[in-house]
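Shown next, in structure tokens, is the structure this report addresses.
Labels below follow one simple rule: chain letters A, B, ... track the order of the sequence lines, proteins then strands, and each chain is numbered from 1.
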Amino acid sequence: MPDQLILRVAVPAPLYNSFDYLPPDGTLAESLMPGVRVSVPFGRGDRCGILLELLTEGNIAGRRLKRAHAILDQAPLFMKADLEFLIWAGRYYQHPVGEVIANALPVRLRKGEPAASVKTTRWHLTDLGLLQQASSLKRAPKQAALLALLKESTNGLTKEHLAHQLDTYRSPLLAMQQKGWVEVLEHDDPESSASRGQSAAYALNSDQKSAVDAVDLGRFGAYLLDGVTGSGKTEVYLTLVNEVISKGRQALILVPEIGLTPQLIRRFEARLGQGVAVLHSGLGALEREQAWHLARLGHATVVLGTRSALFTPLPRLGLIVVDEEHDLSYKQQDGFRYSARDLAVIRGQRGDCPVILGSATPSLETLHNAQSGRYGHLKLTSRAGEAKLAQMDLLDIRSVRLEAGLSPLLIEQIRGTLQAGNQALLFINRRGYAPIVTCHDCGWVAECRRCDARMTLHGSSNILWCHHCGSQRRLDPHCPECGADDLRSLGQGTERVEEVLSQLFPEIGIVRIDRDTTRRKGSLDKLLEGIRKGKYSILLGTQMLAKGHHFPDVTLVGILDVDQGLFGADYRAAERMAQQIVQVSGRAGRAEKPGRVLIQTRHPDHPMMQLLIRRGYDAFASEALAERQSAAFPPFSYQVLLRAEAPQESAPRVFLDEAHQQGVALANGRVEFWGPVPAPMERRAGRYRAHLLLQAHQRSDLQRLLAQWVVSLASLKSARRVRWSVDVDPQEML
DNA sequence: AGCACGCCGACT
DNA sequence: GTCGGCGTGCTC
């Protein structure tokens, strides 16, 4: 029997091997292409997996294979190169292939549902509509414009295209439909080619020009695009993307969190038009899948999305951009713990296309790669429109009486800013009213029952809220310990600062932007709109304020609580603090209104802080890198974190001790083991957590160890009593 | 992860 | 005598 073909299938299950099946009954050989989905029996039930390869001999000798139920796709969903990239990623991050591939699929496809068609609905003129004259629509200019547009198009226009060309189209279109002038038709071809955005050349400054020229679009290269806020990184992206499109290839743009970068998205849509598939979080499952198919089939020329968009199949990929590459949201913090930024470089390498990593505050990893020559280093030094960077100063708040965390000097500066008719921005990286509630009589402190953490008071509703597990309870006016009624709240969050500011400046519009005020969809946009219109003169909020938005009328930035960054438990704390300060500072100022940044600190002499404000982020980063080098920390070494958690206090420790022993035996002395140690917050959401940290000078030594170690960990009996995970290149030790 | 099997405690 | 607890093992 020559037709003894065996299907190797990646089945979504937390298992580190793939599974072999016989082809479904009556399958034609040509339908068995790697990259199609296969429905297979698995254990008790059925699963939807992906066909990885065809074999003539299985490696499960003497076992009767089960027969797959059905091939679910007529054409592969992933090409060979994309499939191999996913397999590589799974191996690198020690995550089961089946789950990695499932992760890369839109949810509907994951569940085995039939692939959605990429039919588009487009508006056409009817025969009656074709007979109409624009001149007869003098009283309805919108309808006249619509009529003209539709007459020009040969193939009809999508509503996205209409929205792109006209500011309002809905009601005139409806009116025309009622007159029988227009109709909607379904098409199999996704886009009318006439709907490309215009790619007019924009004037680049000399920095931008040399950055664009330095990128070789013909082959792989990784580049750090290093430029302060407002230096025009987006213009460089757009120019490169346009060049790539004009060569008939596709571009992939990654952004940290889509809700926080509406300005970037709007610019891409405005400049590139209909070819942009934006993967919002707001898309429904079906819309999301259709955008995915458009990209996969090569109809979408640009895909813009958050970290998961990295896995979109793109047959003609010619450029990857990772905007704000330092942002931690590129690292997935559960399940498949990949870094989209790092994988972007791998994908570019494998697909032989350039990768641009953009940031005003590059991560030390990327900076190191640029300094060592592995990445090209493109610098944008001038701020567009000659805007000057804000002047940064430290405000010593030792022995200063603070009012809700605000020093008198800062308050005076705010007053001056408001009197000059400008806006002030205050950054407090702590939401809620106060982080501590305590009894003045007995010293009792409100703590979470499920975490080793204090509960934060949220003022308006007088509710205690644990920011780590989300549990909340009503604050009783009496101390639960001694019964006294002298509870006090210490420290301040955004709510209290807002309260005090509104007492200090009763006439002034104040807006607070944090997770609590922007929970509802669209509320962030609404608040930002108010800021743009000058409705508010004081802006205060958490890091949400520091991302993506620019506030040209802000001339004063106050940073309230920067000190925990200086002495954080994590060796990356200083880097993050510096990035945060520089990012917030970048929100302010423009040509005629240079901004000023005041940083309140109890450690004004701290050398790293001094370096940052006197000589800027680059100098800070060089020094921080030198410290990392002398301590042999990443990026001068490589780390893997084995995490374990369980409801029983001892279980993680028992597991990690065994894991440690096994690891040492496998490592041949080329890997250092630190721990096990309890996690920084040992108990969280009722589970005890502990870590074992591995470090090596060579990635390959860690990779070799992991391949064997992870399999043997899975078979440990102590592993059954914990939830464990391997974090390759961990970013946060939480 | 699910989901079976299997071997010991309190119940209609 | 069963119902069901969760320890252990398997998934092509």
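Taking only distance into account, the side chain of A:Arg47 never meets the base of B:dG2 through a donor-acceptor pair shorter than 3.5 Å.
Taking atom CZ of residue A:Arg723 and atom C1' of nucleotide B:dG2, one finds them 15 Å apart after rounding to whole Å. The OH-P distance, from A:Tyr16 to C:dC12, rounds to 19 Å in whole Å. Protein atom CH2 of A:Trp724 is 13 Å distant from nucleotide atom C1' of B:dA1, rounded to whole Å. At whole-Å resolution of the value, NZ in A:Lys717 and C1' in C:dG7 are 13 Å apart. The interatomic distance linking A:Glu53 (CD) with C:dC12 (C1') rounds to 14 Å, in whole Å. Counting to the nearest Å, the C1' atom of B:dG2 and the CZ atom of A:Arg720 are 11 Å from each other. Look at NE2 on A:His69: it is 12 Å from C1' on C:dC12, rounded to the nearest Å. At whole-Å resolution of the value, CD1 in A:Ile50 and C1' in C:dC12 are 17 Å apart.
Looking at heavy atoms from C-beta onward, A:Ile50 lies out of side-chain contact with A:Val36 at the 4.5 angstrom threshold.
Counting non-hydrogen atoms under 4.0 angstrom, A:Phe42 reaches a base of the nucleic acid. Note on A:Pro41: only backbone sugar-phosphate atoms sit closer than 4.0 angstrom, heavy atoms only; bases stay farther off.
Distance alone, capped at 3.5 Å, is enough to place a donor-acceptor pair between the A:Glu325 side chain and the A:Ser363 backbone. In terms of modelled atom types and a separation under 3.5 Å, the side chain of A:Arg337 and the main chain of A:Gln94 share no donor-acceptor contact.
Geometric assessment of A:Arg431 against the ring of A:Trp465 yields a positive cation-pi assignment under the 6.0 Å and 45° thresholds.
Side-chain proximity of A:Arg44 to B:dA4, C:dC12, B:dA1: nearest is B:dA4.
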